[in-house]
Amino acid sequence: MALKGLFRKKTVQDILKQVEKNNADGHNALGKHLTARDLTAFGIAAIVGAGIFSTIGKASADGGPAVIFLFLFTAIACSFAAFAYAEFASMVPVSGSAYTYSYVAFGEIIAWIIGWALIMEYSVGNITVAISWSDYFTSLLESGGLHLPQWVQMDFLSASRGFDDATALMQGGKEYANLSPALQDAYTAWTTSPVIGSFHFVADLPALLIIVLITALIYRGMKESRNASNIMVVVKLCIVLLVIAVGVFYVDTANWDPFAPNGVTGVLKGVSAVFFAYIGFDAISTTAEECKDPQRDLPRGMMWAIIICTILYIAIALVLTGMVSYDLLNVGDPLAFVFEKLDLKWMSGIIAVSAVVAMASVLLVFQMGQPRIWMSMSRDGLLPKRFSKVHPKYKTPSYATIVTGFVVAVPALFLNLTLVTDLCSIGTLFAFVLVCAGVLVLQNRTDIPRGKFKTPYVNSKYILPVFIIIGLVFAFGYNEKATMDFITNETQINSSSDIITSLNKEETQKVYEYLVRIDARNSTDETPDLELLLSQYQDDAKYSNIIAGLPIADAVKYESGFSLFKHKIPMWIFLIVLAGLSVWSFKSNLSLIPLLGLICCLYMMAELSVWNWIYFGIWLLIGLVIYFGFSRKNSKLNL
């Protein structure tokens with residue numbers, strides 16, 4: 001088959017005709033139950049989760065009360081992508097989301113890639129939420145006096161790596177009681193777990209439980225899922241409003257001064273966490289075939305969800321930073337923390353319950369989205385036919401829903417939360433980038449029927465270059481050292497924790513003797529806490545000189561050369577693409593809103609580590625093997 005066959009496209013007309021045919025004969029047709037209000041509720045269910053119950057604390061600690069501007073700016077950036085999703089959803093109201101949109105805009109191979117990325121986004125996203133839900137749930141049980149063994153509430157990777165890090169730190173003299181709570185839990189889970197041969201059985205069983213329950217609910221039907229979601233949304237909105245209503249009476253405006261204690265840098269430090277707190281609205285687009293009027297209601301549902309969540313985030317941030325000093329909020333459960341701090345423990349209990357409900361509603365929406373992506377790919381012949389099977393009674397993609405349950409449940413038992421969070425983020429942002437690019441590609445096509453919603457057009461020809469010039473002035477005028485260090489690949493000093501955990505026993509002794517030599521006060525008859533001794537200099541101007549004198553290899557003390565440059569590769573990719581986009585924009589008069597959406601999302605991808613790009617690349621390579629081995633020859637466009 002010719003190479004151009006890889007980019008064969010589906011037309012909007014053919015897609016809509018197939019949907020009409022399915023609805024007419026009832027074959028593979030989904031039940032239509034959703035209105036704009038239901039879609040807004042699904043959006044709130046997906047967005048208001050870990051962002052408001054966890055992430056908001058770290059972002060507030062970094063930026064102070066001024067973090068409200070970050071929530072506002074991030075909402076605007078997220079809305080750029082939402083405009084693109086809404087335009088496509090109005091134009092092609094089917095369940096495939098970004099996969100189907102890419103099939104129309106770019107062709108089959110790109111559609112397969114984005115569909116495969118979406119499978120990872122929703123699968124890994126579900127794993128992330130399930131693990132987070134398990135953390136909240138076990139904390140709630142412990143507050144009620146029920147303590148589960150540590151090895152049944154932690155994933156295998158966290159326990160294994162945490163045990164290694166804890167062992168290394170204790171070898172350096174740190175006592176178990178002085179380890180962080182996370183390392184203590186990991187060490188306990190690993191050392192108390194059942195052992196089969198050399199294998200330690202550590203598995204997150206509560207995460208498995210919630211996935212099974214949610215999958216069963218989604219299998220049962222859209223109407224039941226909608227009703228459950230609406231109930232959970234009402235519960236958590238009531239709790240959030242209660243927090244605001246009660247908390248406002250404990251606000252001390254003195255805590256808002258200074259408003260931006262760490263300046264713009266501090267505010268922007270939380271940009272990734274805050275941006276990902278908004279992810280979830282895109283899952284609404286997978287329900288297009290189950291909407292009563294998708295061309296009208298999908299755009300409305302997405303926009304209202306983002307607006308409502310932004311108002312809630314800003315209100316909560318103001319209340320939290322007003323109740324206690326911003327620098328105390330770097331905790332995993334900031335809402336419960338501030339009320340405990342003010343001795344309002346009854347509110348802490350209510351918040352703990354609502355957090356469990358909130359995370360379950362997020363899981364419901366994400367778990368609902370993935371089977372519909374698989375169903376759309378199966379309809380096109382890119383996945384086996386069974387994935388497009390619709391239950392005759394429940395009118396849900398039954399087989400795909402069951403497989404989704406297994407795909408999410410098994411990894412949730414063993415995978416690390418940080419790893420799956422970053423993988424979810426890069427898959428989501430990749431989808432956002434292609435959807436925004438798709439709107440740009442189709443903006444001047446006259447052969448495509450348009451829906452009821454169209455993104456407002458603003459010519460970016462001269463606006464984008466002005467934005468780039470402003471960015472360059474800021475980079476070289478106000479942040480010159482960091483910019484030049486990035487360009488010249490300046491050697492970076494490792495943190496004290498990274499250095500100590502890399503040492504063997506002999507090196508540990510040498511480092512201790514050196515620290516005693518430069519400062520006799522470091523001498524102790526007890527086993528020294530080496531990480532603590534070294535970290536006391538970390539914020540000192542002498543830190544670089546002290547590290548330089550350590551009697552260990554430079555590779556342990558510093559990161560330089562390619563080992564440092566590789567972490568900058570994603571940002572260089574972003575800068576090169578940005579230059580290309582500015583040229584494309586100037587030549588083609590691109591629409592500003594989807595262009596800004598593409599740039600913002602690509603920038604967020606560049607902020608993720610190079611290892612996430614590598615893991616994502618491996619996932620895409622596996623997908624391409626499946627495409628060329630099965631999907632290409634079985635595609636409906638190949639018949």
Side-chain angles (χ1 to χ4, degrees), residues 47-80 237 239-279 306-344 347-348 351 467 470-483 538-539 596 600 603-604 607:
I47 296 172
V48 180
I52 208 163
F53 286 99
S54 178
T55 310
I56 195 171
K58 176 67 166 65
S60 298
D62 289 332
V67 75
I68 63 171
F69 296 118
L70 181 56
F71 280 111
L72 184 60
F73 297 151
T74 306
I76 294 171
C78 207
S79 296
F80 293 150
L237 285 183
I239 297 302
V240 170
L241 293 175
L242 178 63
V243 168
I244 296 171
V246 174
V248 74
F249 291 103
Y250 293 87
V251 167
D252 181 357
T253 54
N255 288 325
W256 290 340
D257 184 21
F259 200 72
N262 298 317
V264 175
T265 303
V267 173
L268 293 179
K269 191 174 180 181
V271 67
S272 295
V274 171
F275 184 87
F276 301 139
Y278 280 91
I279 289 175
I306 291 175
I307 291 170
I308 292 171
C309 291
T310 301
I311 293 172
L312 292 175
Y313 281 149
I314 290 175
I316 285 288
L318 283 174
V319 169
L320 288 182
T321 54
M323 291 176 70
V324 299
S325 177
Y326 72 92
D327 55 359
L328 299 176
L329 290 172
N330 190 12
V331 294
D333 52 348
L335 270 66
F337 169 78
V338 294
F339 286 102
E340 281 187 12
K341 191 80 174 172
L342 297 173
D343 203 27
L344 296 173
M347 276 294 294
S348 297
I351 291 168
F467 283 167
I470 292 173
L472 290 173
V473 169
F474 176 80
F476 288 96
Y478 298 94
N479 203 24
E480 182 179 4
K481 185 180 186 309
T483 302
Q538 193 153 327
D539 296 325
L596 290 177
C600 290
Y603 173 77
M604 292 300 165
E607 286 290 332

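The two residues S60 and Y326 have their closest heavy-atom pair at O-CB, 3.8 Å. Residues I68 and A317 approach most closely at CG2-CB, 3.9 Å, considering heavy atoms. Between F71 and T310, the shortest heavy-atom contact is O-CG2, 4.3 Å. The two residues C600 and F80 come nearest to each other via the heavy atoms SG-CD1, 4.3 Å. Minimum interatomic distance between P65 and F259 (heavy atoms only, all atoms of both residues): CD-O, 3.2 Å.
In this structure, CG in L72 is found 8.0 Å from CZ in F69, a value given to the nearest 0.5 Å. For the atom pair L472 CG and F467 CZ, the distance stands at 13.5 Å (nearest 0.5 Å). Note that CD1 of I316 is 13.0 Å distant from CD1 of I311, once rounded to the nearest 0.5 Å. Remark: I306 CD1 to Y313 OH distance equals 11.0 Å, nearest 0.5 Å. One distance of note links CG of N255 with OH of Y250; it measures 15.0 Å at 0.5 Å rounding. With rounding to the nearest 0.5 angstrom, the OG1 atom of T321 is 11.0 Å from the CG atom of D252.
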Practice problem: Apply side chain to side chain contact (heavy atoms under 4.5 Å, CB included) to the pair L237 and L312, showing each step before the final yes or no. | Solution: CA-CA 9 Å; L237 285 183; L312 292 175; 3.4 Å; yes

Practice problem: Evaluate the side chain to side chain contact (heavy atoms under 4.5 Å, CB included) criterion for residues L318 and I314: first the C-alpha distance (whole Å), next the side-chain angles of each, then the deciding distance (0.1 Å), finally the verdict. | Solution: CA-CA 6 Å; L318 283 174; I314 290 175; 4.3 Å; yes

